[in-house]
Amino acid sequence: MSTGKINVQTENIFPIIKKFLYSDHEIFLRELVSNAVDAAQKLKTLASIGESTAPIDKLQVEVIVNKEAKTLTIRDNGIGMTGEEIEKYITQIAFSGAEEFVNKYKDTTAEANAIIGHFGLGFYSSFMVAKKVEIFSLSHKEGSVAVRWECDGSPDYVLEEGTKTGIGTDIVLHIAEDSEEFLEEYRIGELLKKYCKFLPVEIKFGTKKEFIGDEDENEEVEEGKDKKKKKDKKEKKEIEVDNIINNPSPAWTKKPADLTDEDYKKFYRELYPMNFEDPLFHIHLNVDYPFNLTGILYFPKLKKAFELQKDKIQLYSNQVFVTDSVENIVPDFLALLQGVLDSPDIPLNVSRSYLQSDGNVKKISAHITKKVADKLEEIFKNDRKDFEAKWEDIKVFVQYGMLSEDKFYDKAQKFALLKSMDGTYSTLEEYAEKVKPVQTDKDKRIIYLYTTNIDEQHSFIETAKSRGYDVIVFDSPIDSHYINHLEQKIENTSFVRVDADTIDKLIKKDEAQPSKLSEKEQETLKPIVESIVPKERFSVVFESLSEKDAPMIITKPEFMRRMKDMSAMGGGGMQFYGSLPDMHNLVVNSNHPLISKILNEKDADKQKQLTKQTADLAMLSQGLLKGEELTKFIKRSVELI
């Protein structure tokens, strides 16, 4: 037996580690199991080049909970270690990383997420939950002697000859009283599924029962010429098998050519077992230069509303789960996707502010954005009908991407679609060509008319259609921001909602319609109309419209309405507009016979009643007549009939 003292300046380093990483101390299991997997893979590599004769047919990592002894063991049958290797790798290299970690972070409030891996602190993370750690190891090298190492969290350790007979290493954690949750099998099972679900070596955690037997029960077999009898049903037999908690060969580690659509869907269900809808389509990433990146991204059905992301993109490093918080690693709009990214080139265990400035992260982010845009364009070109069928499910994603990433916008403008009222879809370029001949105003601007609610804005839509105009349907939660963005990007273009004004003012032509009422007559009638509507909510304006148009129309100015919509969505510095009251224009059609009748009515009471009834009809058409005013309108209508 030999004893030693680790050369470290801090007398007792482990309480500092434990205190600092307390909020994330479950990570110890990820670190220890990852180390064990590495040991198994190293043995496989050495055997493949003839430097080891140890058996590699059943490489495995086993996690064992012993609640009575209060121990947690991580066992592997990998390369193992000699006494000299333990001295080197455990008491020198790993510990110097631990000391560097403490010296750098003990007096700061920096993020605690396993700066572990960054500093080679992996093994010593075990002291976050253990009061004592033992290592039992036997190296694969011929003639090696088994060794045992022990440390109780002080710089003192014991290294002696051990009794282990099989090649590999056992790390035995004697769990501390304040960490006894890690003696519960369900807790360890949860963590193994979270961090180790796709590690490349089998992870065994206990055993489970399985049934084997004849699947073809009551099978008929021939006997003689005509007689048939049923074969005896074999009883299913219960057997005990290893409980393997991981899939060592997940889909993203395979070549796309070796996978079918069903394989991708099966893997999606493996990632998100509680999501019962299949994804729309997927992208398989496989890059090895100038950085390493593999993964599969899935497009879920987003519908119109932003949904709270329960099933996020999962980030792995060499098949070890790291996080599902991928902010700063992928652009915000890509966070709407689901799936897996795996890259050893992302510095996973450093602060988020560092990630934002890291060169590799920026390259990876840009590459993913390009691959997503390329995939969408490919689907659009190869099967436009299918793309159009999926558009309603992916449009929020595409719009968000176009808003937030200029490079994505440049590609997406080729396949981003606008949907017309008749159900047809057009790209931005196609739509401009479609409406340019009819919807260009006198200032040479193309006016895009749109609706956000077909039922509520039906009368305005019909008026626009009667002029031969086309109306787009915009009904996603970010349309206000998206429309603003398109106006900035597309020259000589304006987007206006069909109820923002009268149709002839939305698309102004050179020929102005003459008014049947003189300016003096309009000035006479205006105070009468103003007296029957709240001045703080309505502005009364006269316009010379067609006789076929309604006598009074209520519109909501495009600018104010759009600012309020953007304020409701948040962002863009529009919060001020959200506090302003709703304002409407009450447009009086100076060419309608009813307006002339109201003007010429000699009885003041009857004149006011007619004005009120006409204005209420306009409000009713916009859903603005409610409560007492609606009751009065119904009563008045019955009396008039």
A.B. asks: Salt bridge check, Lys42 against Asp38: does any charged N sit closer than 4.0 Å to a carboxylate O?
C.D. replies: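 Salt bridge absent between Asp38 and Lys42.
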A.B. asks: Taking Glu430 for the side chain and Thr427 for the main chain, is one N or O donor matched with an acceptor at less than 3.5 Å?
C.D. replies: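 Confirmed, Glu430 side chain pairs with Thr427 backbone.
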A.B. asks: Would you name the heavy atoms of Leu403 and His481 that are closest together and state the gap between them?
C.D. replies: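 Taking Leu403 first and His481 second, the nearest heavy atoms are CD2-O, 3.4 Å.
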A.B. asks: Salt bridge (Lys or Arg N to Asp or Glu O under 4.0 Å) with Lys265: which residues, sequence neighbours excluded?
C.D. replies: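 Checked Lys265 against salt bridge (Lys or Arg N to Asp or Glu O under 4.0 Å); zero matches.
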A.B. asks: Go through the structure and list residues passing salt bridge (Lys or Arg N to Asp or Glu O under 4.0 Å) with Glu184, not counting sequence neighbours.
C.D. replies: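 With sequence neighbours excluded, Glu184 shows a salt bridge (Lys or Arg N to Asp or Glu O under 4.0 Å) to Lys67, given in chain and number order.
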A.B. asks: With sequence neighbours excluded, tell me which residues meet side chain to side chain contact (heavy atoms under 4.5 Å, CB included) with Pro248.
C.D. replies: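 If we apply the side chain to side chain contact (heavy atoms under 4.5 Å, CB included) test to Pro248, skipping adjacent residues, the hits are Glu202, Asn246.
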A.B. asks: Could you tell me which residues satisfy side chain to side chain contact (heavy atoms under 4.5 Å, CB included) with Glu240, sequence neighbours excluded, listed by chain and number?
C.D. replies: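 In terms of side chain to side chain contact (heavy atoms under 4.5 Å, CB included), with neighbours along the sequence ignored, Glu240 is linked to Thr207, Lys209.
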A.B. asks: Between Lys194 and Glu26, does any side-chain N to carboxylate O distance fall below 4.0 Å?
C.D. replies: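 Salt bridge between Lys194 and Glu26, a charged N being under 4.0 Å from a carboxylate O: yes.
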A.B. asks: Please enumerate all residues that pass side-chain hydrogen bond (donor to acceptor under 3.5 Å, both in side chains) together with Asp278, with sequence neighbours excluded.
C.D. replies: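 For Asp278 the side-chain hydrogen bond (donor to acceptor under 3.5 Å, both in side chains) partners, ignoring immediate neighbours, are Arg269.
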A.B. asks: For Glu378, what residues pass the side-chain hydrogen bond (donor to acceptor under 3.5 Å, both in side chains) criterion, not counting sequence neighbours?
C.D. replies: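 Partners of Glu378 under the side-chain hydrogen bond (donor to acceptor under 3.5 Å, both in side chains) test: none.
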A.B. asks: Centres of the Phe397 and Trp391 rings: under 6.0 Å?
C.D. replies: no
A.B. asks: Under the side-chain hydrogen bond (donor to acceptor under 3.5 Å, both in side chains) rule, collect the residues that match up with Asn247, sequence neighbours excluded.
C.D. replies: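 With neighbours one apart ignored, the set is Glu270.
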A.B. asks: Determine the sole option in Thr82, Asp76, Thr169, Asp170 for which the side-chain hydrogen bond (donor to acceptor under 3.5 Å, both in side chains) test with Ser137 is passed.
C.D. replies: Thr169
A.B. asks: Report the residues that fulfil side chain to side chain contact (heavy atoms under 4.5 Å, CB included) with Val473, sequence neighbours left out, ordered by chain and then residue number.
C.D. replies: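 Once residues adjacent in sequence are excluded, the partners of Val473 under the side chain to side chain contact (heavy atoms under 4.5 Å, CB included) criterion are Met421, Thr451, Ile454, Asp475.
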A.B. asks: For Pro200, which residues count as a side chain to side chain contact (heavy atoms under 4.5 Å, CB included) partner, sequence neighbours excluded?
C.D. replies: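 In terms of side chain to side chain contact (heavy atoms under 4.5 Å, CB included), with neighbours along the sequence ignored, Pro200 is linked to Val37, Gln41, Gln319.
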A.B. asks: Check whether any side-chain heavy atom of Ile167 lies under 4.5 Å from a side-chain heavy atom of Asn77, and answer yes or no.
C.D. replies: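 They are not in side-chain contact.
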A.B. asks: Of all residues at least two apart in sequence or in a different chain, which pass the ring-ring contact (aromatic ring centres under 6.0 Å, His included) check with Phe321?
C.D. replies: Tyr195, Tyr316
A.B. asks: May I ask you to decide whether Lys266 forms a salt bridge with Asp261, counting only side-chain N to carboxylate O separations under 4.0 Å?
C.D. replies: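 So Lys266 does not pair with Asp261 through a salt bridge.
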A.B. asks: Tyr264: what forms a side-chain hydrogen bond (donor to acceptor under 3.5 Å, both in side chains) with it, not counting sequence neighbours?
C.D. replies: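 side-chain hydrogen bond (donor to acceptor under 3.5 Å, both in side chains) list for Tyr264, sorted by chain: His284.
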A.B. asks: Looking only at the aromatic ring of each residue, does the gap between the centers of Phe28 and Phe182 stay below 6.0 angstrom?
C.D. replies: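 Here the rings of Phe28 and Phe182 have centres that are less than 6.0 Å from each other.
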A.B. asks: Go through the structure and list residues passing salt bridge (Lys or Arg N to Asp or Glu O under 4.0 Å) with Glu185, not counting sequence neighbours.
C.D. replies: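 Per chain and number, Glu185 pairs via salt bridge (Lys or Arg N to Asp or Glu O under 4.0 Å) with no residue.
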A.B. asks: For the backbone of Ile244 and the side chain of Asp242, can you confirm whether one donor and one acceptor N or O come within less than 3.5 Å of each other?
C.D. replies: no
A.B. asks: Answer yes when Lys419 and Glu388 have at least one side-chain N-carboxylate O distance shorter than 4.0 Å, and no when they do not.
C.D. replies: no
